[in-house]
Amino acid sequence: MTALPGETPGTVGTDTPQDSVSPPEAGAEGPEHAEAPDASDAPDAPDASDAPDPSGAPEAPDASEGGESSGTPADADDDARGDAEDADAEAGADAAPAEAAPAAELSEAQAELAAQRELRERIEKRKAEKAAPIAAGTGLSGTAADLLAAVRAVESGEKSGTAFFDRPAATPASRRPAPAAAQPTRTPAPEAAPTARTATPEALDAVRAVLTEGGAPEALARPAVGALGEQAAELLRTDPWRLLAVPGVRPEQADGFARALLGADCGPDDGRRTAALVGWLLERAALQGHTALDADTVRTALAERAVGDPDAAVRDAVEEGVALVFQEGDEPSADDAGAADSDGEADEAGDADVAREPVQVLLGLDRYALAEESLADGLARLVNACEKAADWAEAAASAPSPSAAELIRTAAAAGLVAHSGGEAARAEPAALIAAARGLGLRALGATHSEDGRRRLAAATGDPDTAVTLSGLLSGAQGPGRDEDGALALDLLVVLDAPQLDVEGAAVLVEALADGARLVMSGDPGVLGSAGAGRVFADVLASHACPQVVSRTPDPGPIGELVSGIGIGELNQVDAPGKEVVIVPVRDAGEAVHRTVQLVADSVPRAFGIPAEETQVITVGHGGVAGTRALNEALKQRLNPGPGRFGGFDPGDRVVHVPAPGRAVPGVVLSADAEGLRLDCGGVPVVVPQERVESSVRHGWALSAHQAAGMRWPAAVVVLPGDAAQGLSRPWVYTAFGRGERHLSVVHGVDQALPHAVAQVPAQERTTRLRPLLEALPTPDAAS
């Protein structure tokens, strides 16, 4: 690795892993897509203890950052959940022109969100039909109701404490019956998606009055109505802690709001407060990728929030339907539980054995629990409903590589296939799509981004074979739906599969017809989804379907470097054409200066790659060298202007967040009465005035998670000294792999980089999808 002409020459001794560096203290790292802390911009983590706001009033959330799911506590709200999507602050006088959005048809984002809502409604209806809800704790049924009944039985003395664990282990068939292969069942998709909910002026005025009375900013009115509905004012007045449902509001701020409205009638153990805290903790966990939390973790966090009886708070939250409770892990058998004697008392030795069983009790929000259960059911339907195809042998024999031939043969025999590999391995799904279409099948590939769609279309040689996932689900791209409401496809290959969150995956699988084939393809080493869940990793870990591992390596010095990172080795590679360059810096200020110099001068001069084709990637949004600071410096150099369109000028590179977890790069064209006009990869987009502040930000610099699923001719990865705690192996792997022809690393973290690659793997997300998939019967088991 060498330095560019005009840059600081040489490389510092940070290109080999160092085992002597001590690991960071527990809890310092976030999940696999961790970003650098930015304590000034985002709320605290579930287990953090913030100093209360002296005024006791909540502040309007900073929703200008979109789509990035940061694993570090400080950036969690700012990134993954897209506070940008829901926290629409009132626009000021300097904002973009007023909205005149077309009403004739739904936008892509509205259609996608509406489809998700429709799925949840169907799942909830199905769940309600399985078992009637219990008298108290409405909204609970099935496993959650059983566990709640068991807890009450123990509290009343009707059963012993170990009786909670004494029920027989659920068999796969009893927990989740898969549809029979002969007559699979599915729920047809709706003919038309409902329109997105908008806030009426009356509702906004009523909420503003309540917010003002409680000392909260009026700018929270619109996101409050978005989160709580038209009755937001009434809900906030009777239960002020419902304000925690608004993105960016912290518990101490909601406490101050409640004190202002309720006076002495509220306290730390108020049931309304504890229920809201449990929901808030689970929502924040979802921002970090978890679909559930260990019950003990929730109790500990509640105690840190001055809740006097965390156990009672959890029980109350479950009874009120705020959270669902699940039992995960190995359940004891009847023999282990101990036989009852003639007096009906269990054997003490058996009770002791039961107490040692590794059973974990999880709490989760119903939206993610239902999505995981629906996804598991849908994947089982695909596995069990698909018939083997015998006429693919010739297509496999003519495949361009052995790995492609293996993938074709595997897809011919299975309804669900997991394919893993790096960037070069994308040619294998492309070969599968071409082979299937050659056999007369309706085959298509779906990618995470418009850039990925273009690369897949180039690999297949046919632009009609590639769509984006959002375009496919919204109907803007792809073949549309059949008479049953399912996607008119025989084979769907989903590339960038690690970017699938559990809700999006559930919507996608629900839309596939019976007998269709689904191939999930992606690189397991990259950062996970911005939304909750780890769908691709859970599918791989569960071994619920055949897996094909590509044997096609990524070429060149960048491919060699990234491949080493994937196995925990940061090696110095031979880059005679300066494909990889290290630029050492002493501090964050120098990092910003060097980055601007690389993008504006050095890379264009040395490689002929213009600035608009070079992407800057850094660890976090805040800090001296975060995306905000870098975007400001790059704008001043590359496209200076007054920001007359709500802070933007024509020619500005931006990132648009049309829905939570989606970051779409674009360029500002103009602004008019309809809103801010963007060009997003050749697709014209109009962002209404009220959405600009919350869903558009400058995009010369992105975080690694925003860049996942995309590639540029050149990438400049910025690692300032304060970014050390935000580094992990998946972060480095993802960031370093975004450049096709050139990678510059602005290096100021010294030994933290090799330490992160060698010793900081992805942090596990707590999910329930893997055990649900493992419990499902396979076709072989059913026969």
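Heads up: numbering here begins at 1 and tracks the sequence. Keep in mind that this is a model prediction, so the values were computed, not measured.
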(request) Could you tell me which non-hydrogen atom of T767 sits nearest to which non-hydrogen atom of D538, and how far apart they are? (result) OG1-OD2, 2.8 Å
(message) Determine whether V664 and V655 satisfy the following criterion, side chain to side chain contact (heavy atoms under 4.5 Å, CB included), listing intermediate values before the conclusion.
(response) CA-CA 5 Å; V664 182; V655 60; 5.7 Å; no
(message) Quick check for you: to the nearest 0.5 Å, what is the distance between D377 atom CG and L772 atom CG?
(response) 8.5 Å
(request) Would you name the heavy atoms of A436 and L491 that are closest together and state the gap between them? (result) CB-CD2, 3.6 Å
(request) Check whether any side-chain heavy atom of I558 lies under 4.5 Å from a side-chain heavy atom of F736, and answer yes or no. (result) no
(message) I'd like to know if the side chain of E372 pairs up with that of T291 as donor and acceptor (distance under 3.5 Å, no hydrogens or angles considered).
(response) yes
(message) So R534 and H290, do their side chains get closer than 4.5 Å, heavy atoms only?
(response) no
(message) If we ignore hydrogens and angles and just use 3.5 Å, is the side chain of R738 paired with the main-chain N or O of M710 as donor and acceptor?
(response) yes
(request) Output all residues satisfying side chain to side chain donor-acceptor pair (under 3.5 Å) with E406, sequence neighbours left out; order by chain, then residue number. (result) R551
(request) Taking the side chain as every heavy atom from C-beta outward, state whether L379 and V509 have any atom pair closer than 4.5 Å. (result) yes
(request) Supply the atom-to-atom distance E503 CD to L370 CG, rounded to the nearest 0.5 angstrom. (result) 9.5 Å
(message) To the closest 0.5 Å, what do you measure between CG (L773) and SG (C545)?
(response) 8.5 Å
(message) I want to check something: taking the side chain as every heavy atom from C-beta on, are L492 and R517 in contact at a cut-off of under 4.5 Å?
(response) no
(request) Establish, from distance only, whether the side-chain atoms of T468 and Q477 form a donor-acceptor pair under 3.5 Å. (result) yes
(message) For a quick test of reading the model, state the closest non-hydrogen atom pair linking A488 to P479 and the distance between them.
(response) O-CG, 3.5 Å
(message) Rounded to the nearest 0.5 Å, what separates atom CG in L365 from atom CG in L282?
(response) 4.5 Å
(request) Applying side chain to side chain donor-acceptor pair (under 3.5 Å), name anything that partners D482, two or more places apart in sequence or on another chain. (result) none
(message) If the condition is side chain to side chain contact (heavy atoms under 4.5 Å, CB included), which residues does S563 pass it with, not counting sequence neighbours?
(response) none
(request) Decide yes or no for L363 and V318: does some side-chain heavy atom of the first lie under 4.5 Å from some side-chain heavy atom of the second? (result) yes
(request) Could you tell me whether the side chain of R662 and the main chain of V657 form a donor-acceptor pair under 3.5 Å? (result) no
(request) Taking the side chain as every heavy atom from C-beta outward, state whether V325 and V361 have any pair of such atoms under 4.5 Å apart. (result) yes
(request) With the side chain counted from C-beta on, respond yes when L527 and P498 share a heavy-atom pair under 4.5 Å apart, and no when they do not. (result) no
(message) So which atom in A513 and which in L487 form the shortest heavy-atom distance, rounded to 0.1 Å?
(response) CB-O, 4.4 Å
(request) With sequence neighbours excluded, tell me which residues meet side chain to side chain donor-acceptor pair (under 3.5 Å) with R426. (result) D496
(message) Looking at every non-hydrogen atom in both residues, tell me the closest pair between G478 and L472 and how far apart they are.
(response) CA-CD1, 4.4 Å
(request) For R711 and G737, indicate whether the former's side chain and the latter's backbone hold a donor-acceptor pair under 3.5 Å. (result) yes
(request) Measure from the side-chain N and O atoms of R770 to the backbone N and O of L540, and report whether any donor-acceptor pair falls under 3.5 Å. (result) no
(request) Might you point out which heavy atoms bring A497 and M520 nearest each other, and give the distance in Å? (result) CB-CB, 4.1 Å
(message) What's the separation between atom SG in C386 and atom CG in L518, rounded to the nearest 0.5 Å?
(response) 10.5 Å
(request) Give, for atom CZ of R768 and atom CG of L362, the distance between the pair rounded to the nearest 0.5 Å. (result) 7.5 Å
(request) Would you mind reporting whether L500 and F536 have side-chain heavy atoms less than 4.5 Å apart? (result) no
(message) I'd like to know if the side chain of S374 reaches the main chain of G378, judged simply by a donor and an acceptor atom lying under 3.5 Å from each other, with no hydrogens or angles considered.
(response) no
(message) According to side-chain hydrogen bond (donor to acceptor under 3.5 Å, both in side chains), does anything in residues 392-401 pair up with another residue at least two apart or in another chain? List the pairs.
(response) none
(request) Check V493, V519, T460 against P429 for a side chain to side chain contact (heavy atoms under 4.5 Å, CB included) and give me the one that passes. (result) V493
(message) Taking side-chain hydrogen bond (donor to acceptor under 3.5 Å, both in side chains) as the cut-off, I'd like each qualifying pair that reaches into residues 428-456, sequence neighbours left out, listed once.
(response) H419-E428, E423-R455, E428-S550, E428-T552, R442-D490, E450-R453, D451-R455
